[in-house]
Trainee: 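Would you mind keeping the following structure in view while I ask a few things?
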Protein chains: 2
Amino acid sequence: MYGEVNMKVKIEDVAKLAGVSKTTVSRVLNSRGYLSEKTINKVHAAMDELNYRPNVIARQLFKQETKLVGLIFPTVNDPFYSQLIAEMEKRLFNNGFKVLIGDSMNDPKKEELYLQQLMAHQVDGLIVGAHNQGIPEYENSNLPIIAFDRIVNPKIPVISSDNYQGGKLATELLIDNGAKVIIHTNGPKTLESPTQERRIAYQDVMKEHGLEPLTYYIDFDDRKKKDLLFRKIFRDHPNVDGMFISNDMDASLVLNIATELGYRIPEDFKVVGYDGTYITRTLLPRLTTIVQPIDKMAETAVTMLMARINGDNSEGNKVFPVELWRGKSV
Amino acid sequence: MYGEVNMKVKIEDVAKLAGVSKTTVSRVLNSRGYLSEKTINKVHAAMDELNYRPNVIARQLFKQETKLVGLIFPTVNDPFYSQLIAEMEKRLFNNGFKVLIGDSMNDPKKEELYLQQLMAHQVDGLIVGAHNQGIPEYENSNLPIIAFDRIVNPKIPVISSDNYQGGKLATELLIDNGAKVIIHTNGPKTLESPTQERRIAYQDVMKEHGLEPLTYYIDFDDRKKKDLLFRKIFRDHPNVDGMFISNDMDASLVLNIATELGYRIPEDFKVVGYDGTYITRTLLPRLTTIVQPIDKMAETAVTMLMARINGDNSEGNKVFPVELWRGKSV
DNA sequence: AATAATATGTCAACCGGTTATCTTATTTTT
DNA sequence: AAAAATAAGATAACCGGTTGACATATTATT
């Protein structure tokens, strides 16, 4: 049936067996030009007999397109990014694209390396959610790129949730439920990201209510260090009665620590998270959180990237409304 | 500095600017053959000036290797797979490989499509954790493949946790803590996967203790359907006082439903999960579960794949010991 | 000074497809 | 019947690198 192993059967072998030229086989493959029924059948028969699989690499080289999209994100091992990536991957696949992933681990060096290497792999486009700045490749390249939650470059569109609204909702909810000493945690302040809008909203709302805003900037990923930091926050602010945490994983840590320290939740201490992913809402439904419409954001990212790959740069930044998930932590 | 946009600078442009031949530039690129300091500098200067990036596609075509590895798993959006994939990706990257992902969504058709397409993309190897059977491409291909938790083909090595031991630990823990009516859930029975060892251990231990084993096979992903099924289990077995659930996400669902139905945990009802991922242990530390050494398994998968890519097929199946995570759900 | 060894570099074929261009056969139009 | 349109297929150049084979220059050996 299929000869031995499919030792690199090439188009020429098919052509020889079918008694036609390479061109004809290629035409059958791509349904181009005039072809008789008879020829088509002969070629198909030969392809089947040889178990022929075209070598995409050769096609890519000639066509100057790879049907590959690179995704650069801090890590797949996170409820938010894994959901985002899964959704984008599904849609990219439906558009005929494969996905090359790069986990930057929040390391600018690694991000730059990935970027260079994915570009060397001739990806047709890029969707980035890694949070580093000042990487020159983003500046001078005409590769279609879509960014998540960050401002890479004025020419690169940013997709984000309505972070200000999210921060406002979260802070107001805490205040409305009686919290007075409310602490906020966010990513590194230096990062020029729409995410910082959450902090600004938090500060605005706090001041509006005559309360003192206090933000901690978390610029590392290490879980143990986070644990220590949160414990320190509780020590330094024994009267804290609310926190607005910029992502659900951290919020979960805080919830665990608070419980361990004897705070009753939500009576003594209230927490609002951010993201509201499938995973966190399944595993930790009691966490009150701001839900980003991840699926819609993923869909838009892919649609916009497809448009840009096709030369349509008309669409710009997109901001998505957030929703409050009423768990039991407020 | 860099001319306009880096409009496809090719090796020939560099050669021309440096006043040498293509070969010489290629040699500089690959540090092959004899080269004078002077030439090397000239070439580097030219590459910098033109902001040259080699086109990997062309190299791939000639070298017949892509430095690409395909990962086919049900989905990235899952604590277990996302951790596994993140770990493998990191290690593959360190070995000079990029990762092409494919989410099969437990759909055999999609899995086969991915497989064909990744092969067409000329990946140098494949690591699969998708759970479908009878896909012919796995049979007749000499592509290096490593499988997770499934038996694809006798020639393809399988990496798995000690599923029998895990099932035994879980069941004994439940029994030792006084549970009598213990139900087990697992993946589809038809699936010839090492995962079924968990069920066999469960059955063995139950019988050993004179208890009646009862297994539900869950062969779908839909969360709502799962919710309904679990509620039905509670209705059909009102005296159930323990469950051994084959993954932490499902265990979490059960925990939530049980709590909602008024069971006190662990007094009235005990649950043991399986996987013990970073995410579930962070978000749901109270869940008692069997921990797979995901990181080590990922490391081994990558090491074995690298060996096979280098023609060393000596290593075979690998089984990893599991550990019990003592949460508060038993 | 002749010979060998070593250093430096070029030429052209090759990887496996795609496609513009051209030739030849067949059918339709005038 | 001649001219035009349509169908079928072949040739060869091309995509952008890599590398074996070969040519020439420089240095070391006898």
Trainee: Determine all donor-acceptor pairs shorter than 3.5 Å in which one atom belongs to a side chain in residues 32-39 of chain B; sequence neighbours excluded.
Mentor:
from	atom 1	to	atom 2	distance (Å)
B:Ser36	OG	B:Thr39	N	3.1
B:Ser36	OG	B:Thr39	OG1	2.7

Trainee: Does atom NZ of B:Lys318 have more than 12 heavy-atom neighbours from other groups under 6.0 Å away?
Mentor: yes
Trainee: Is B:Lys110 close enough and on-axis enough to A:Phe93, meaning under 6.0 Å and within 45°, for cation-pi?
Mentor: yes
Trainee: Report the distance from atom CG of B:Asn41 to atom P of C:dT8, rounded to the nearest whole Å.
Mentor: 13 Å
Trainee: Do the side chains of A:Lys296 and A:Glu299 get close enough for a salt bridge, i.e. N-O under 4.0 angstrom?
Mentor: no
Trainee: If the helix axis at each end comes from five base pairs, how far does the helix from C:dA1-D:dT30 to C:dT30-D:dA1 deviate from straight, to 10°?
Mentor: 40°
Trainee: Grab the NE2-C1' distance between A:His121 and D:dG17 for me, whole Å please.
Mentor: 14 Å
Trainee: Do you know the tightest heavy-atom contact between B:Glu89 and A:Gly102?
Mentor: OE2-CA, 3.9 Å
Trainee: Considering only NZ, NE, NH1 and NH2 on the basic side and carboxylate oxygens on the acidic side, decide whether A:Lys109 and A:Glu112 come within less than 4.0 Å.
Mentor: no
Trainee: Send over the distance from B:Lys42 NZ to C:dT8 C1', rounded to a whole Å.
Mentor: 10 Å
Trainee: A:Leu61 versus B:Ile57: any side-chain heavy-atom pair under 4.5 Å?
Mentor: yes
Trainee: If every non-hydrogen atom of A:Phe320 is compared with every non-hydrogen atom of A:Ile159, which pair is closest and at what distance?
Mentor: CE1-CG2, 3.9 Å
Trainee: Once each nucleotide of nucleotides 14-22 of chain C is scored for protein heavy atoms under 4.0 Å, what B/S/- sequence comes out, 5' to 3'?
Mentor: BBBBBBSB-
Trainee: Measure the distance from CG on A:Leu35 to C1' on D:dT6 and round it to the nearest whole Å.
Mentor: 14 Å
Trainee: Looking at A:Tyr34, I'd like to know whether one of its side-chain N or O atoms comes within less than 4.0 Å of OP1 or OP2 on D:dA7.
Mentor: yes
